[in-house]
Amino acid sequence: MSTSGLSTQPARGMRDFLPEDVRRREHVVAVIRRVYERHGFEPLETPAVENIETLLGKYGEEGNKLIFKILKRGEQEASGQADLALRYDLTVPLARVVAAYQAKLPKFFKRYQIQPVWRADRPARGRFREFYQCDIDALGSTSPVVDVEVLSAVSEVLTELGFTDFAVRLNHRVLLTAMLESAGVAPEQHGEALVALDKLDKIGAEGVAGEFGARGISAAAFERLQKVFDAPEANLRSLLAGHTAGTSALDELAIIMGLAESTAAAGRIRLDPSLARGLSYYTGAIMEIQVPDLAGSLGGGGRYDNLVGMFLGRDVPACGFSLGLERILVVMGEREMFPKGLDAAAAEVLVTIWNEDARADALALAGDLRHAGLRVDIYPDADKIGKQLKYASSRQVPVVAVIGDEERASGKVSLKDLRSGAQQTVPRAEAADAAGRILKA
RNA sequence: GUGGGCGUAGUUCAGUGGCAGAACGCCUGACUGUGGCUCAGGAGGUCGCGGGUUCGAUACCCGUCGCCCACCCCA
């Protein structure tokens, strides 16, 4: 509440990040970027705003509704029409970029992109209207090596951040369709059936059977599918017997899982026929990372071999994965997984100001200490020295430098270690070295 | 979109149909060359917003906006 009556809250679903928040975010982003680069992915950035036609029709019906649209401006504003939109994910802009710069880009283009996206969703735990996605995508190859590389990179990120209990759920769009066909679900009911199947781990088999019934899908179909969910490895092949596309999709997943054993994703992947994923552009393998204490996922991805084709007119195979920064932060925060150094003080040394005449001296000393590589703050006013020390203490700055009348007369600086209370007076030229020694002690 | 909970000081929250409270934080002083501890004092509120009931509403009723939790969906 402000005195003016104006709300000080950020817009719904948006957040301010205070220094402590930013440090945490940057810590996680640094790990992600390092691992992505280690896997040979190159950085890319695209505009926050896209032409609206670029985004429409890429995310499915639900996705379309959640796009933040931007009204036409000026005289056109009254028309209520939108011609621009905030980007909804990083994958569709990537597809546009690949189509636009195909001549410049390498045959196999691997890029990472860490930028905010916007969705007009209802905010909830770990869900915001502005959030960062940390994407990797590899374009130009249909090889399962690509799918495995992507899984390896994100698994390595999570491992490096300290996650020990994440699991990768793996499925395949073609396999899903094949399963429904083999089970006897009519093609026009596939969408409904997938929504119900996706809830299996939440509402159980009876629940899904009920949903099937409510949507007019035969009970016999669900019975055939249920065996598969109970024991996918044992029963999938027999369900798919004679279904060529389904069988080869299953073979593809088996290859991915086999190859992944040689990477950081080893032991993490679980074939999960109930995984559906909402975005409509996926065509092949789909995957999602889960952790026990979060209802949603830490990230998701998959193969989308014809999204680029929507821009280019010629398909370019692609596979990618998106880690959700805020999901990772929510879980790391609750589990207290952040390293201790992150809440370090903003400065290592606070230079005090004795009186108005000493301001230039203080600034010069701060400059010297900074040139020596120290993080140095300077108190802005010639307040009582006790107040300046109190400020340093409250900000957890470990060392305070004082040039009082006595120090100035003798060309010296007093350095006080606030942790121990010890104080020493050294020649001005040795101040940086002495401060460094105190900090290391 | 569905169900539930909550909006009171900078923060976390008490509270009552009749003068607006605590803790922490903040400011000042005790302590005019030294922080933490202690003590004394002080500032800070249209009780989310709008309407209704009432002699009187921060409290009761209705609406609205915002936040939180669960579901749905997603990263």
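Reminder, nothing fancy here: chain letters follow the sequence lines and each chain counts from 1.
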Trainee: Taking side chain to side chain contact (heavy atoms under 4.5 Å, CB included) as the definition, give me every residue that meets it alongside A:V174, ordered by chain and number, with sequence neighbours left out.
Mentor: A:H172, A:A245, A:A249
Trainee: For B:C47 and B:A14, measure between their C1' atoms and round to the nearest Å.
Mentor: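 Roughly 13 Å separates the two C1' atoms.
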Trainee: By the 4.0 Å heavy-atom rule, please label A:R12 as base, sugar-phosphate, or nothing.
Mentor: sugar-phosphate
Trainee: Identify the stems formed by RNA chain B, where each pair is Watson-Crick or G-U wobble with both distances under 3.5 angstrom and a stem is at least 3 consecutive pairs.
Mentor: B:1-7 with B:65-71, B:10-13 with B:21-24, B:26-30 with B:38-42, B:48-52 with B:60-64
Trainee: Without decimals, in angstroms, what is the distance between A:D135 CG and B:C74 C1'?
Mentor: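 To the nearest whole Å, that distance equals 14 Å.
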Trainee: Heavy atoms only, 4.0 Å cut-off, all strands: where does A:E407 land among base, sugar-phosphate and nothing?
Mentor: base
Trainee: Rounded to the Å, how far apart are A:D417 CG and B:U34 P?
Mentor: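 Answer to the nearest Å: 18 Å.
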Trainee: If we take the C1' atom in both B:C73 and B:G66, what is their distance in whole Å?
Mentor: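 My reading of the C1' atoms in B:C73 and B:G66 gives 22 Å.
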Trainee: Examine the side chains of A:E326 and A:Y132 and answer whether a donor and an acceptor come within less than 3.5 Å of each other.
Mentor: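 No, A:Y132 and A:E326 have no side-chain donor paired with an acceptor closer than 3.5 Å.
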Trainee: List in chain and number order the residues that pass side chain to side chain contact (heavy atoms under 4.5 Å, CB included) with A:L389, two or more places apart in sequence or in another chain; answer none if no residue qualifies.
Mentor: A:V400, A:K416, A:L418
Trainee: Counting the atoms with a prime plus P, OP1 and OP2 as sugar-phosphate, which does A:G300 contact under 4.0 Å by heavy atoms, base, sugar-phosphate, or nothing?
Mentor: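 Sugar-phosphate, no base atom in range.
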Trainee: Please tell me which of the listed nucleotides, B:C74, B:G35, B:G33, lies nearest to the side chain of A:L389?
Mentor: B:G35
Trainee: With syn defined as a glycosidic angle within 90° of 0 and anti as everything else, classify B:C27.
Mentor: anti
Trainee: Round to the nearest Å and state the distance from A:R15 atom CZ to B:G66 atom P.
Mentor: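 Rounded to whole Å, this separation is 18 Å.
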Trainee: Answer yes or no as to whether B:A75 has its base stacked against A:F131, where stacking requires a ring-centre separation under 5.5 angstrom and planes under 30 degrees apart.
Mentor: yes
Trainee: May I ask you to decide if A:F166's main-chain N or O and A:R268's side chain share a donor-acceptor pair within less than 3.5 Å?
Mentor: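 Yes, A:R268 side chain to A:F166 backbone: donor-acceptor pair under 3.5 Å.
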Trainee: Between A:D89 (side chain) and A:V92 (backbone), is there a donor-acceptor pair under 3.5 Å?
Mentor: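 Such a contact is found between A:D89 side chain and A:V92 backbone.
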Trainee: Would A:Y59 and A:N64 count as having a side-chain donor-acceptor pair, cut-off 3.5 Å?
Mentor: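 There is no such pair between these side chains.
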Trainee: Please report, rounded to the nearest Å, how far the C1' atom of B:C71 is from the CZ atom of A:R125.
Mentor: 14 Å
Trainee: Could you check which of B:A75, B:G33, B:U34 has an atom nearest any side-chain atom of A:S297?
Mentor: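 Nearest nucleotide to the side chain: B:A75.
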Trainee: Which parts of nucleotides 23-32 of chain B does protein reach within less than 4.0 Å, heavy atoms only, written one letter per nucleotide 5' to 3' as B for base, S for sugar-phosphate only and - for none?
Mentor: -----S-S--
Trainee: Rounding to an integer number of angstrom, what distance separates B:G17 and B:C26 when you compare their P atoms?
Mentor: 35 Å
Trainee: Just to be sure I understand the rule, does A:D89 reach a base, reach only the sugar-phosphate, or reach nothing, if contact means heavy atoms closer than 4.0 Å?
Mentor: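 Result for A:D89 = nothing.
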Trainee: Could you tell me how far B:G36 sits from B:G50 if I compare only their C1' atoms? Round to whole Å.
Mentor: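 After rounding to an integer number of Å, I get 49 Å for this pair.
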Trainee: If you find the nucleotide of RNA chain B closest to A:W354 and the one closest to A:G126, which residue's nucleotide is nearer the 5' end?
Mentor: A:W354
Trainee: Just call it for A:Q388: base, sugar-phosphate, or nothing, with non-hydrogen atoms closer than 4.0 Å on any strand.
Mentor: nothing
Trainee: Counting only N and O atoms by type, is there a donor-acceptor contact under 3.5 Å from the side chain of A:K412 to the main-chain atoms of A:R408?
Mentor: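 Absent.
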Trainee: With a cut-off of 3.5 Å and sequence neighbours excluded, list every side-chain donor-acceptor pair involving residues 145-153 of chain A.
Mentor:
| unit_1 | atom_1 | unit_2 | atom_2 | d |
| --- | --- | --- | --- | --- |
| A:D147 | OD1 | A:R303 | NE | 3.3 |
| A:D147 | OD1 | A:R303 | NH2 | 2.9 |
| A:D147 | OD2 | A:R303 | NE | 3.4 |
| A:E149 | OE1 | A:K110 | NZ | 2.8 |
| A:S152 | OG | A:H39 | NE2 | 3.1 |

Trainee: Could you check how far OH of A:Y379 sits from P of B:G35, rounded to whole Å?
Mentor: 14 Å
Trainee: Atom CZ of A:F128 to atom C1' of B:A75: distance rounded to whole Å?
Mentor: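 Rounded to whole Å, this separation is 11 Å.
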Trainee: How far does the C1' atom of B:G15 sit from the matching atom of B:G33, given to the nearest Å?
Mentor: 48 Å
Trainee: Looking only at atom C1', what distance separates B:G44 and B:A20, rounded to whole Å?
Mentor: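 About 13 Å, rounded to a whole number of Å.
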Trainee: Between A:N306 and A:Y281, do the side chains contain a donor N or O and an acceptor N or O under 3.5 Å apart?
Mentor: no
Trainee: I need the CZ-C1' distance between A:R129 and B:C73, as an integer number of Å.
Mentor: 14 Å
Trainee: With heavy-atom distances below 4.5 Å as the criterion, would you say the side chains of A:R119 and A:F128 are in contact?
Mentor: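 With C-beta onward as the side chain, the pair stays apart.
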Trainee: Please list, one pair per line, the donor and acceptor atoms closer than 3.5 Å that link side chains of residues 421-441 of chain A to other protein atoms, with sequence neighbours excluded.
Mentor:
| unit_1 | atom_1 | unit_2 | atom_2 | d |
| --- | --- | --- | --- | --- |
| A:T425 | OG1 | A:S414 | OG | 2.9 |
| A:R428 | NH2 | A:D368 | OD2 | 2.7 |

Trainee: B:G42 and B:G5: how far apart are their C1' atoms, nearest whole angstrom?
Mentor: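 Looking at atom C1' only, B:G42 and B:G5 are 37 Å apart.
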Trainee: Given the C1' atoms of B:C72 and B:U58, what is the spacing between them in whole Å?
Mentor: 37 Å
Trainee: Give, for atom CD1 of A:I286 and atom CG of A:D272, the distance between the pair rounded to the nearest 0.5 Å.
Mentor: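 Rounded to the nearest 0.5 Å, the CD1-CG separation comes to 9.5 Å.
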Trainee: Distance check needed: B:C74 P versus A:L323 CG, whole Å only.
Mentor: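 Rounded to whole Å, this separation is 18 Å.
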Trainee: Can you tell which of B:G35, B:A75, B:C69 lies closest to the side chain of A:L418?
Mentor: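 The nucleotide sitting nearest to the side chain is B:G35.
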Trainee: Just checking A:G421: base, sugar-phosphate only, or nothing, at a heavy-atom cut-off of under 4.0 Å?
Mentor: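 Since a base atom lies under 4.0 Å of A:G421, the category is base.
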Trainee: Which is true for A:L298 with a 4.0 Å heavy-atom rule: it touches a base, it touches only sugar-phosphate, or it touches nothing?
Mentor: sugar-phosphate
Trainee: Does any donor-acceptor pair link the side chain of A:R327 with the base of B:C74 at a separation under 3.5 Å?
Mentor: yes
Trainee: Given B:U2, B:A75, B:G33, identify the nucleotide with an atom nearest to the side chain of A:R122.
Mentor: B:U2
Trainee: Pick the closest RNA chain B nucleotide for A:P123 and for A:S420 by heavy atoms, then say which residue is nearer the 5' end.
Mentor: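 Taking each residue's closest nucleotide, the earlier one in sequence belongs to A:S420.
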Trainee: Would you classify A:Y391 as touching base, sugar-phosphate or nothing, given that sugar-phosphate means primed atoms plus P, OP1 and OP2, and contacts are heavy atoms under 4.0 Å?
Mentor: nothing
